[in-house]
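We name chains A, B, ... by the order of the sequence lines, and we start the count at 1 in each one.
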Protein chains: 2
Amino acid sequence: MNETPRQNGTGMVEPLFIHLTKRLRVIARAFNKYSKYLQEHHRITIPQVICLREVHEHGPLTLGALTRIVSLNNSTVSGIVDRLEKQELLQRVRTSSDRRQIHLQMTDKGLHFLTTIPTPVPERFIEGMSRFSDSEIDRIVWAVDQLAELLGDEEHQQQ
Amino acid sequence: MNETPRQNGTGMVEPLFIHLTKRLRVIARAFNKYSKYLQEHHRITIPQVICLREVHEHGPLTLGALTRIVSLNNSTVSGIVDRLEKQELLQRVRTSSDRRQIHLQMTDKGLHFLTTIPTPVPERFIEGMSRFSDSEIDRIVWAVDQLAELLGDEEHQQQ
DNA sequence: CACAAATTATTGGTATACGAAATATTCGTG
DNA sequence: CACGAATATTTCGTATACCAATAATTTGTG
């Protein structure tokens, strides 16, 4: 067996973490699968849809502002915007007086696309959620929020 | 900042999904960050640790068996095993009578590594979890389990 | 004004993560 | 026994996702 030589006073934390890690992996895989489905049928992925929607909602945005909204690294967003621009769903423009900034702007094609594409919500999710009561859904949201708050939040932490 | 989607019925499912997607993104990012930390300090990543631990726990495994345990695509696991094998933490062997299968086997170096490496649990997680009561932790586990079951893989579904 | 420091976005390198195609081997059926 | 179907793994191409380094520009300070 595994006698952890570690000095952790709370012995049950590790199996808890492993359990949650595996379940989160299952969830991530489902998102990934749906992303592939969208890509095949609508030539777009979930991260791309999310970025495009944010640009649409919050008007012309700098790339840096977008990265903060979607919790992604600037280099990641740079690549996503590359692909969105290649499809002419949005465009990079240099309108700011600060010439370091680029602004992301919807194109007509992009606007039309957002009205055409179905809701980016997997059928399974809609079905599954409908089986929960309001208070159960509240509890799920609470739990995910707690985990995000606990682990998340940016700035200087190594672990 | 974000209003939690207070839902009911069917019309509010989309904001609920978007909300959860964003929070899960935050969680995934934290995992990613910790994975980078492990890589820098111990030359291994979270997916690699998870695969190595499974091979250790369940004895010699075929690659296919491992993919089912960790909920990853076979091509993904193939790459992870490549990197673990390059560091000589495990090895591919062809001992089965079925010569299509390869078995994954711990090496002495791999065994030693697992006793040396600290628990693969981020400090933030341990700290954060200690602030919850047992029933709160139960609720978090329940919620993540529900989401995983709801979205998770039951074979061939497109969405 | 000059020039270092800070800011913004891109580029390069590595590690997931997937599906599809290729490869190797075994199994099933005539 | 032959040969197509099924199975196990690897390879290839693409899309995230990160950090570090780079490039371009602006800001701050002497």
Side-chain angles (χ1 to χ4, degrees), chain A residues 21 24-41 43-51 61-68 70-87 92-104 154 156 158, chain B residues 21 24-41 43-51 61-68 70-87 92-104 153 156 158:
Chain A
T21 300
L24 289 168
R25 175 88 277 286
V26 171
I27 294 169
R29 192 178 200 193
F31 274 77
N32 219 314
K33 217 163 209 164
Y34 186 59
S35 195
K36 293 280 173 182
Y37 167 83
L38 280 184
Q39 187 174 27
E40 185 157 323
H41 289 76
R43 304 182 134 270
I44 202 163
T45 63
I46 288 181
Q48 286 170 23
V49 173
I50 288 176
C51 287
L61 272 176
T62 66
L63 193 132
L66 182 55
T67 66
R68 288 185 286 278
V70 297
S71 295
L72 286 172
N73 190 281
N74 54 356
S75 59
T76 303
V77 174
S78 202
I80 290 171
V81 167
D82 280 350
R83 288 177 280 277
L84 287 172
E85 198 176 29
K86 194 187 290 181
Q87 287 202 52
R92 288 170 162 96
V93 292
R94 274 210 144 79
T95 49
S96 175
S97 59
D98 184 338
R99 286 174 39 76
R100 290 171 303 181
Q101 299 181 335
I102 63 137
H103 277 88
L104 306 174
E154 58 287 1
H156 41 57
Q158 278 72 20
Chain B
T21 300
L24 289 167
R25 176 87 275 287
V26 171
I27 294 169
R29 193 177 200 193
F31 274 76
N32 218 314
K33 221 163 206 162
Y34 186 60
S35 194
K36 294 278 174 186
Y37 168 83
L38 280 183
Q39 186 174 27
E40 185 156 323
H41 289 75
R43 302 181 136 273
I44 202 165
T45 63
I46 288 182
Q48 286 171 22
V49 173
I50 288 176
C51 286
L61 272 175
T62 65
L63 192 134
L66 182 55
T67 65
R68 288 185 286 278
V70 298
S71 296
L72 286 172
N73 190 282
N74 54 356
S75 57
T76 303
V77 174
S78 201
I80 291 171
V81 168
D82 279 350
R83 287 176 280 279
L84 288 172
E85 199 176 28
K86 194 186 290 180
Q87 288 202 54
R92 288 170 162 96
V93 292
R94 276 211 143 79
T95 49
S96 175
S97 59
D98 184 340
R99 288 174 39 76
R100 289 169 304 181
Q101 299 182 336
I102 64 137
H103 277 87
L104 306 174
D153 208 6
H156 39 56
Q158 278 72 18

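B/R99 has no side-chain polar atom (N or O) that falls below the 4.0 Å cut-off from OP1 or OP2 of C/dA24.
As rounded to whole Å, 16 Å separates atom C1' of C/dA17 from atom CG of A/L24. Rounded to whole angstrom, the span from the CZ atom of A/R92 across to the C1' atom of C/dT8 amounts to 12 Å. At whole-Å resolution of the value, CG in A/N73 and P in C/dT11 are 15 Å apart. Across the protein-nucleic acid pair, B/I102 atom CD1 and C/dT23 atom P stand 19 Å apart, rounded to whole Å.
Ring to ring, B/Y37 and B/Y34 are close: their centroids are under 6.0 angstrom apart.
The listed nucleotides are C/dA17, C/dA9, C/dG19; the one nearest the side chain of A/R25 is C/dA17.
Proximity of B/D82 to B/K86: side-chain heavy atoms (C-beta onward) are nowhere separated by under 4.5 Å. The side-chain heavy atoms of A/Q87 and A/R43, taken from C-beta on, include a pair separated by under 4.5 Å. Side-chain contact between B/V81 and B/C51 is absent, with no heavy atoms from C-beta onward closer than 4.5 Å.
In 5' to 3' order, the nucleotides of DNA chain D bounding all contacts with chain B (an atom under 4.0 Å from a heavy atom) are D/dA6 to D/dC19.
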What's touching nucleotides 4-7 of chain C from the protein side, N or O pairs under 3.5 Å?
| residue | atom | partner | partner atom | Å |
| --- | --- | --- | --- | --- |
| C/dT7 | O4' | A/R100 | NH1 | 3.4 |
| C/dT7 | O2 | A/R100 | NH1 | 2.8 |

List, with names and distances, any nitrogen or oxygen atoms from the protein found under 3.5 Å away from nitrogen or oxygen atoms belonging to nucleotides 12-16 of chain C.
| residue | atom | partner | partner atom | Å |
| --- | --- | --- | --- | --- |
| C/dT16 | OP1 | B/T45 | OG1 | 2.6 |
| C/dT16 | OP2 | B/Q48 | NE2 | 2.4 |
| C/dT16 | OP2 | B/R83 | NE | 2.8 |
| C/dT16 | O5' | B/R83 | NH2 | 3.3 |

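We find the CZ-CZ distance between B/R29 and B/R25 to be 7.0 Å, quoted to the nearest 0.5 Å.
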- Message: Is there a side-chain contact (heavy atoms from CB on, under 4.5 Å) between B/L104 and B/L66? Walk through the geometry before answering.
- Response: CA-CA 9 Å; B/L104 306 174; B/L66 182 55; 3.6 Å; yes
- Item | Stepwise side-chain contact (heavy atoms from CB on, under 4.5 Å) check, B/L24 with A/L24 | CA-CA 8 Å; B/L24 289 167; A/L24 289 168; 4.1 Å; yes
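Across all strands shown, A/S97 has heavy atoms under 4.0 Å from sugar-phosphate atoms exclusively, and none from any base. Looking at heavy-atom distances under 4.0 Å, B/S96 makes no contact with the nucleic acid at all.
Among residues two or more places apart in sequence or in another chain, the salt bridge (Lys or Arg N to Asp or Glu O under 4.0 Å) test is passed with A/R100 by A/D98. Remark: B/T45 pairs with B/S35, B/Q39, B/P47, B/Q48 by the side-chain contact (heavy atoms from CB on, under 4.5 Å) rule, at least two apart or across chains. For the side-chain contact (heavy atoms from CB on, under 4.5 Å) test, no residue two or more places apart in sequence or in another chain qualifies with A/S97. Scored by the salt bridge (Lys or Arg N to Asp or Glu O under 4.0 Å) test, B/R99 finds no partners at all (sequence neighbours excluded). Partners of B/E85 under the side chain to side chain donor-acceptor pair (under 3.5 Å) rule, at least two apart in sequence or in another chain, are B/R92.
Computed from C1' positions of five pairs at each end, the angle between the two local axes of the helix from C/dC1-D/dG30 to C/dG30-D/dC1 equals 0°, rounded to 10 degrees.
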Please tabulate, one pair per line, all N/O donor-acceptor pairs under 3.5 Å involving side-chain atoms of residues 71-79 of chain A, not counting sequence neighbours.
| residue | atom | partner | partner atom | Å |
| --- | --- | --- | --- | --- |
| A/N73 | OD1 | A/S75 | N | 2.9 |
| A/N73 | OD1 | A/S75 | OG | 2.8 |

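Summarising the geometry of B/F31 relative to A/T21, their closest heavy-atom pair is CE2-OG1, 3.5 Å, with the distance given to 0.1 Å.
Where A/R94 and A/N32 each meet DNA chain C at their nearest nucleotide, the meeting point lying more 5' is that of A/R94.
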